[in-house]
Amino acid sequence: MTRRREAQLAAMLEPDVSIDGALARLGRGPKAHNPWLQRTLSSVGQQLGQIRDRIFALANVERHDLVLTLNAGTGLLTWEALRRAPVGGVWAVVQEETEAKALRQQANNLETLVQPVVLTGSLVELPSLVSKQ
């Protein structure tokens, strides 16, 4: 894996959490709540990273494994799977087309051969979604 690709994947692994944006959406509110909210939002990325690392430690994903991320959402597990299994490949299933579009846009930064296969549909539809690929 090249350094450029590692840097791209590392940038994708970190969730996009903006304290300022969250505070702006929630409004000013009581002054006592703002420090609590800032502490909570600032630790979200770290907590998600720890959860992701525990999941992959238990899964013991190797370079040649084929990984399927169900309910991929923002791609937190998908991008880590790409990093850990660059030879095997990664498939991601999302329920909404907007989620699929976001994942595909992020994947466009990667070389075509290492991009994840993104499927849109429910888990019940998974066999038919896979057969169409």
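What you see is a predicted model, and the numbers here were worked out from it, not measured in a lab.
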Testing the basics here: between Gly121 and Glu125, what is the closest heavy-atom pair and its distance to 0.1 Å?
CA-OE1, 3.2 Å
Between Thr120 and Arg104, is there a side-chain heavy-atom distance shorter than 4.5 Å?
yes
Within a strict 4.5 Å, meaning less than it, do heavy atoms of the Glu96 and Thr98 side chains meet?
yes
ILVMFWY cluster, Val114 and Leu119 together (side-chain gap under 4.5 Å):
no
Derivation and outcome, side chain to side chain contact (heavy atoms under 4.5 Å, CB included), residues Gln115 and Asn108:
CA-CA 7 Å; Gln115 290 179 5; Asn108 283 337; 4.1 Å; yes
Cluster overlap Val61 with Leu77, hydrophobic side-chain contacts below 4.5 Å
yes
To the closest 0.5 Å, what do you measure between CG (Asn71) and CG (Leu123)?
6.5 Å
Distance from Leu82 atom CG to Leu110 atom CG, nearest 0.5 Å?
6.5 Å
Any Arg83 side-chain heavy atom under 4.5 Å of Glu80 side chain:
yes
Indicate, with yes or no, if Leu68 and Leu66 share a hydrophobic cluster defined by side-chain heavy-atom contacts under 4.5 Å among Ile, Leu, Val, Met, Phe, Trp and Tyr.
yes
Check the pair Leu103, Trp79 against side chain to side chain contact (heavy atoms under 4.5 Å, CB included), reporting the backbone distance first and the verdict last.
CA-CA 10 Å; Leu103 287 177; Trp79 306 126; 3.8 Å; yes
Least distance between heavy atoms, Val67 atom then Ala85 atom
CG2-CB, 4.1 Å
Should Leu70 and Val117 be counted in the same cluster of Ile, Leu, Val, Met, Phe, Trp and Tyr side chains packed under 4.5 Å apart?
yes
Decide side chain to side chain contact (heavy atoms under 4.5 Å, CB included) for Ile51 and Arg54; before the verdict, give the C-alpha distance in whole Å, the side-chain angles of both, and the deciding distance to 0.1 Å.
CA-CA 5 Å; Ile51 292 168; Arg54 277 188 259 151; 4.0 Å; yes
Considering non-hydrogen atoms only, spot the tightest contact between Asp65 and Glu62 and give its length.
OD2-N, 2.7 Å
Given Val118 and Thr78, is the side chain to side chain contact (heavy atoms under 4.5 Å, CB included) satisfied, shown in steps?
CA-CA 10 Å; Val118 180; Thr78 304; over 6 Å; no
